Amino acid sequence: MDLNDANLQTLTEFLRKTLDPDPSLRRPAEKFLESVEGNQNYPVLLLTLLEKSQDNVIRVCAAVTFKNYIKRNWRIVEDEPNKISDPDRTTVKANILSDAISIIGREDFPLKWPDLLTEMVTRFQSGDFHIINGVLRTAHSLFKRYRHEFKSNELWLEIKLVLDTFAAPLTELFKATIELCQTHAKDVNALKVLFSSLTLIAKLFYSLNFQDLPEFFEDNMETWMSSFHNLLTLDNKLLQTDDEEEAGLLEMLKSQICDNAALYAQKYDEEFQPYLPRFVTAIWSLLLSTGQEVKYDLLVSNAIQFLASVCERPHYKNLFEDQNTLTSICEKVIVPNMEFRSADEEAFEDNSEEYIRRDLEGSDIDTRRRAACDLVRGLCKFFEGPVTAIFSGYVNSMLAEYAKNPSMNWKHKDAAIYLVTSLASKAQTQKHGITQANELVNLTEFFVNHIITDLKSPNVNEFPVLKADAIKYVMIFRSQLPKDQLLQAVPLLMAHLQADSAVEHTYAAHALERLFTMRGPNNSTLITPLEMAPFTQQLLSNLFKALSLPGSAENEYIMKAIMRSFSLLQEAIVPYIPTLIGQLTQKLLLVSKNPSKPHFNHYLFESLCLSIRITCKANPTTVGSFEEALFPVFTEILQNDVQEFVPYVFQVMSLLLEIHSDSIPASYMALFPHLLQPALWERAGNIPPLVRLLQAYLEKGASTIATSAADKIPGLLGVFQKLIASKANDHQGFYLLNSIVEHMPSESITQYRKQIFILLFQRLQSSKTTKFIKSFLVFINLYGVKYGAIALQEIFDSIQPKMFGMVLEKIIIPEVQKVSGPVEKKICAVGITKILTECPAMMDTEYTKLWTPLLQALIGFFELPEDDSIPDDEHFIDIEDTPGYQTAFSQLAFAGKKEHDPIGETMGNPKILLAQSLHKLSTACPGRVPSMLTTSLNAEALQFLQGYLQAASVQLI
């Protein structure tokens with residue numbers, strides 16, 4: 001694509017269409033952009049639009065498209081073509097966006113981009129703070145990953161390189177910027193730019209100090225900490241904003257400084273000790289002087305988190321021991337920041353998704369309530385008794401206020417419940433809720449006196465915040481409350497599924513889902529299907545009705561509760577499935593038009609799988625009615641290439657096809673040629689489910705394929721050839737190949753066999769990995785089991801004389817110990833037994849010298865631990881780690897495939913089989929086997945073999 005106006009115009013038009021709500025216009029535009037992104041100059045055209053377009057919408061769209069393009073294509077993957085040309089890579093690096101730089105930097109910095117740091121440091125000298133801030137933003141996008149990377153040598157080396165080049169110039173810039181703030185103290189515009197710089201510098205300080213305390217920063221701690229302390233106490237009226245919602249520059253800088261101080265207090269307390277008291281004083285007075293407005297939320301929560309991190313360190317506890325100090329913290333910091341403010345009420349009513357995300361999912365790290373709760377927990381570590389006593393007084397007075405006038409004072413009860421929760425919670429997990437509670441708080445008594453009353457209230461829409469609090473209480477203390485109270489809560493929670501408030505009915509769905517996952521004795525579910533029997537109809541009815549409530553059409557918590565209810569109730573749902581499957585299918589059709597909620601979609605497909613599994617387990621013939629309901633929607637999804645849903649559709653189709661007894665329905669055969677189209681196999685997310693679907697085709701309809709679709713066999717083998725060439729997907733290629741060998745009529749693939757082996761040898765020569773060797777061993781042994789050891793020897797030797805011996809000597813004997821998995825081990829054991837006992841060439845040719853080493857390897861395979869070592873030089877690409885912004889493969893738990901054993905029960909115990917086969921061989925050539933054993937098998941292996949012979953009640957002749 002040339003860099004000209006015509007192409008810029010074309011690109012603009014297509015970018016505009018990708019924003020169109022109409023899928024018939026949007027999808028073709030997305031497809032066009034996908035088809036041209038491999039062309040040279042494509043990223044340069046996007047950057048040009050970003051820089052020169054007069055239309056802000058197009059600029060934003062170009063920026064997002066560019067970032068996603070970089071995310072998908074920048075990484076160079078072994079065995080895959082380089083998707084961005086070298087000239088384009090160079091141009092992109094020269095004209096970069098800070099968001100994309102972190103993606104490129106992650107791949108290229110420091111090895112492929114060694115001059116990046118020096119370029120950045122040079123720009124500090126420009127004196128232009130707009131340029132300097134651009135550099136600081138870029139540095140932040142590159143270095144922030146140090147906050148969550150695992151420790152490694154590579155990481156240390158990279159951080160050392162950054163510190164050597166960057167730490168001193170950053171410190172000088174910090175000092176110079178503070179001086180400039182004093183010089184321009186009256187110039188509001190200059191201050192805004194300078195305070196942006198200081199905030200970015202403070203963020204960089206956090207990233208560079210996160211992994212360990214660098215020597216440079218330890219030596220310069222006085223410079224940094226004194227300046228941070230001065231900035232914390234600074235109050236410049238010019239930087240104060242009238243906006244009550246949006247944090248100003250001053251608040252953002254102080255928030256980051258609180259974070260930096262907390263980092264040092266937690267990780268480097270010894271070095272930080274001289275500075276700690278003045279930071280505690282500064283942050284305490286900051287908390288006392290800061291208002292309740294939303295714009296201060298991040299600042300207040302970071303300031304409280306600082307106190308929380310300090311109070312739980314043993315050698316700072318003297319700062320908090322005084323009863324007056326504790327009372328003051330409780331009264332002036334904790335209680336005021338636990339109040340339910342009007343801003344919280346607004347979010348509860350008008351922005352329920354955000355409220356739920358903050359309150360339920362723990363993304364409320366920066367909320368005042370969460371910080372106050374953490375401070376309570378921190379104080380309870382050393383002062384549980386006094387703190388509980390202080391707060392019990394507050395809780396009682398808040399509940400008394402509520403009782404006087406519930407409709408006016410309901411916020412007092414909300415704060416009381418939150419306080420009790422904070423006090424009682426010591427340890428918490430996602431799976432079990434609170435696992436360790438404060439023994440000084442009686443949770444059951446509080447539940448009976450103050451929680452169940454709200455749940456039992458006949459009007460589910462009255463006081464929705466208190467109802468949501470009560471539901472949340474049940475949910476988080478579920479492991480502490482007795483079972484009879486949980487059972488009492490179940491029908492009440494079901495009633496709350498009908499509440500108008502989105503937060504309330506979402507919490508009810510989530511609470512039910514969590515209760516249904518709880519385990520009782522014998523690892524069975526705590527709440528049994530029998531106990532749920534009286535409520536089954538109401539539960540399913542209320543859950544599905546909840547999906548039609550405003551704001552909950554794609555509510556992932558409700559859909560997850562539907563999935564969990566199906567899983568718990570099992571065959572009890574069968575009578576309701578005919579109705580429910582229609583509703584699920586309708587929902588699927590609707591969301592496939594514009595998939596936007598990945599979790600909701602995942603649970604929707606899981607629920608479909610459960611419906612199919614449970615119903616067809618009771619009556620396999622119902623599979624046809626599921627296909628009738630689902631195939632029209634599936635067809636639409638595949639025709640419109642809804643990328644997010646295609647891997648799911650293949651998994652559900654596999655599940656359906658595997659339920660069929662032995663034949664393959666015509667509707668599936670019509671689809672078969674389309675499954676072999678190369679475009680489908682380009683997307684990493686499609687590969688596992690497509691391989692499984694093709695395996696189901698082979699298992700159920702290999703003879704149909706051989707007779708009515710023989711012209712498609714080369715296409716099937718073409719898929720195998722593509723997969724085998726990739727280190728990431730070669731195991732999937734072997735899954736497919738093993739199914740072809742196991743199920744296809746032998747004559748239908750005779751002409752292709754030799755070529756298959758040649759392809760495998762070519763891959764062995766070009767890149768031999770442990771994963772490939774393991775899969776290769778399973779395949780050749782399966783081939784031997786299926787077609788016989790003679791056929792295996794002949795095919796190797798037809799490729800090259802004496803090759804069979806080379807494979808035995810170089811691959812099977814030294815590598816078989818690496819094979820893992822019970823089925824895989826069984827295949828190899830039976831295959832090697834066949835080579836030893838059913839291949840004449842092993843007894844009377846130059847291969848005879850390998851007979852005993854092969855037997856020795858097989859006995860070792862039985863008796864020695866698995867060899868799971870991997871060579872140092874083997875760089876593995878995890879299957880999930882393929883590049884990109886493509887739809888990843890999401891495994892459906894309830895579409896799980898049963899492990900298939902191609903050998904089955906007929907062969908029995910492989911050790912016994914070996915003994916019986918050796919006995920049979922020795923009968924055919926008396927005297928040969930015992931003499932080969934006694935001359936060259938080691939004593940330990942011989943002893944094991946004697947054991948097998950005794951167990952099989954046979955002897956060698």
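None of these values were measured; they are calculated from a predicted model.
- For the pair Asn594/Pro23, no side-chain contact is recorded, criterion being any heavy-atom separation below 4.5 Å from C-beta on.
- Within a 6.0 Å radius of CD in Gln570, more than 12 heavy atoms belonging to other residues, nucleotides or ligands are found.
- The environment of CD in Gln537 is sparse: at most 12 heavy-atom neighbours from other residues, nucleotides or ligands sit within 6.0 Å.
- Cation-pi geometry between Lys17 and Phe14 is satisfied (NZ or CZ under 6.0 Å from the ring centre, within 45° of the ring normal).
- Looking at Gln651, its side chain does come within 3.5 Å of a backbone N or O of Leu892 through a donor-acceptor pair.
- With salt bridges taken as basic N to acidic carboxylate O contacts below 4.0 Å, one links Glu682 and Lys722.
- Between Phe626 and Phe631, the distance from one ring center to the other does not fall under 6.0 angstrom.
- Put simply, the side chain of Trp681 reaches to within 4.5 Å of the side chain of Leu723, judged on heavy atoms.
- A salt bridge links Arg26 with Glu30: at least one charged nitrogen is closer than 4.0 Å to a carboxylate oxygen.
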Q) Does the pair Ile577 and Thr622 meet the rule for a side-chain contact (heavy atoms from CB on, under 4.5 Å), with working shown? A) CA-CA 11 Å; Ile577 288 296; Thr622 53; over 6 Å; no

Kindly indicate, with the supporting measurements, whether the criterion ring pair (Phe, Tyr, Trp, His ring centres under 6.0 Å) is fulfilled by Tyr603 and Phe566.
CA-CA 11 Å; Tyr603 299 134; Phe566 283 8; over 10 Å; no

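- The backbone N or O of Ala893 lies less than 3.5 Å from a partner atom in the side chain of Glu606, making a donor-acceptor pair.
- In summary, the side chains of Glu699 and His900 do not present any donor paired with an acceptor at a separation below 3.5 Å, with no hydrogens or angles considered.
- No hydrogens or angles considered: a donor-acceptor pair under 3.5 Å links the side chains of Gln793 and Asp797.
- In terms of modelled atom types and a separation under 3.5 Å, the side chain of Ser552 and the main chain of Ser548 share no donor-acceptor contact.
- Lys826 places no side-chain N or O within donor-acceptor distance of the main-chain N or O of Pro910, the cut-off being under 3.5 Å.
- Using bins of under 30°, 30° to 60° and over 60° for the plane-to-plane angle, the ring pair Tyr668/His660 lands in the perpendicular bin.
- Proximity of Val823 to Pro902: side-chain heavy atoms (C-beta onward) are separated by under 4.5 Å at one or more points.
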Practice item. For Asp730 and Ser775, run side chain to side chain donor-acceptor pair (under 3.5 Å): C-alpha distance rounded to whole Å, both residues' side-chain angles, the deciding distance at 0.1 Å, then the answer. Key: CA-CA 8 Å; Asp730 49 18; Ser775 300; 5.6 Å; no

Next item on the list: Applying side-chain contact (heavy atoms from CB on, under 4.5 Å), run through Val741 and Arg753 and close with a yes or a no.
Entry: CA-CA 9 Å; Val741 166; Arg753 284 190 210 168; over 6 Å; no

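- Put simply, the side chain of Asn73 never gets that close to the backbone of Lys83: no donor and acceptor are under 3.5 Å apart.
- Sorted by first and then second residue, the pairs that involve residues 629-642 and meet side-chain hydrogen bond (donor to acceptor under 3.5 Å, both in side chains), not counting sequence neighbours, are Lys31-Asp641, Lys593-Glu636, Asp641-Arg683.
- Checking side-chain atoms of Ser567 against main-chain N and O of Met563 turns up no donor-acceptor pair under 3.5 Å.
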Worksheet entry | Residue pair Leu717, Gln721: steps toward the side-chain contact (heavy atoms from CB on, under 4.5 Å) verdict | CA-CA 6 Å; Leu717 293 168; Gln721 184 174 356; over 6 Å; no

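- Between Ala684 and Pro688, the shortest heavy-atom contact is O-CD, 3.5 Å.
- Shown here for Ala62 and Leu46, the closest heavy-atom pair between the two residues is CB-O, 4.0 Å.
- A distance of 6.0 Å or more separates the ring centres of Phe634 and Tyr648.
- Residues Leu736 and Leu698 meet the side-chain proximity criterion, which asks for heavy atoms closer than 4.5 Å.
- With contacts defined as side-chain heavy-atom distances shorter than 4.5 Å, the pair Leu694/Ser739 does not qualify.
- With Ile687 as reference, Asn729 is the one residue of Asn729, Val719, Leu680 to meet the side chain to side chain contact (heavy atoms under 4.5 Å, CB included) rule.
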### Phe796/Phe761 under ring pair (Phe, Tyr, Trp, His ring centres under 6.0 Å): CA gap, chis, key distance, verdict
CA-CA 10 Å; Phe796 279 131; Phe761 280 119; 5.7 Å; yes

message = Does Glu658 form a salt bridge (charged side-chain N to carboxylate O under 4.0 Å, His left out) with Arg692? I'd like the steps, not just the answer.
response = CA-CA 10 Å; Glu658 285 157 9; Arg692 177 182 168 189; 2.9 Å; yes

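- Proximity of a side-chain donor or acceptor of Thr615 to a complementary backbone N or O of Ile612 within less than 3.5 Å is not detected.
- No side-chain N or O of Thr12 forms a donor-acceptor pair with one of Arg16 less than 3.5 Å apart.
- Between Tyr557 and Phe600, the ring centre distance reaches or exceeds 6.0 Å.
- Checked by atom type, the side-chain pair His731/Lys771 shows a donor-acceptor distance below 3.5 Å.
- In plain terms, the two heavy atoms of Arg763 and Ser726 that are nearest each other are NH1-O, 3.8 Å.
- Two residues are said to be in side-chain contact when any heavy atoms from C-beta on lie closer than 4.5 Å; Glu838 and Ile790 fail this criterion.
- Looking at heavy atoms from C-beta onward, Leu760 lies in side-chain contact with Leu737 at the 4.5 angstrom threshold.
- Asn39 places no side-chain N or O within donor-acceptor distance of the main-chain N or O of Tyr42, the cut-off being under 3.5 Å.
- With hydrogens and angles disregarded, a donor-acceptor distance shorter than 3.5 Å links the side chain of Lys587 to the backbone of Ala553.
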Worked check of side-chain contact (heavy atoms from CB on, under 4.5 Å) between Lys754 and Ser798: CA-CA 8 Å; Lys754 189 170 175 181; Ser798 71; 4.1 Å; yes

Could you walk me through whether Phe772 and Phe734 satisfy the ring pair (Phe, Tyr, Trp, His ring centres under 6.0 Å) test, starting with their C-alpha distance in whole Å, then the side-chain angles of each, then the deciding distance to 0.1 Å, before giving a yes or no?
CA-CA 9 Å; Phe772 185 86; Phe734 276 111; 5.2 Å; yes

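- With respect to the salt-bridge test (charged N to carboxylate O, under 4.0 angstrom), the residues Lys617 and Glu571 do not qualify.
- The two residues Ala572 and Thr536 have their closest heavy-atom pair at O-CG2, 4.3 Å.
- Salt bridge annotation for Arg72-Glu37: present, with a cationic side-chain nitrogen under 4.0 angstrom from a carboxylate oxygen.
- Residues Phe544 and Tyr576 place their aromatic rings such that the two centres sit no closer than 6.0 Å.
- Counting heavy atoms from C-beta outward, Leu777 and Ile827 have side chains that stay 4.5 Å or more apart.
- Side chain to side chain, Asn619 and Thr621 meet the donor-acceptor criterion of an N or O pair below 3.5 Å.
- The closest donor-acceptor contact from the side chain of Ser708 to the backbone of Thr704 lies under 3.5 Å.
- Using a 4.0 Å cut-off between a side-chain N of Lys or Arg and a carboxylate O of Asp or Glu, Lys597 and Glu353 qualify as a salt bridge.
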- Verdict with reasoning, Phe645 to Phe605, per ring pair (Phe, Tyr, Trp, His ring centres under 6.0 Å): CA-CA 9 Å; Phe645 283 5; Phe605 277 101; 5.3 Å; yes

Exercise for review: Run the numbers on Gln643 and Glu34 for side chain to side chain donor-acceptor pair (under 3.5 Å), then give the verdict.
Suggested key: CA-CA 12 Å; Gln643 292 186 22; Glu34 208 180 299; 3.0 Å; yes

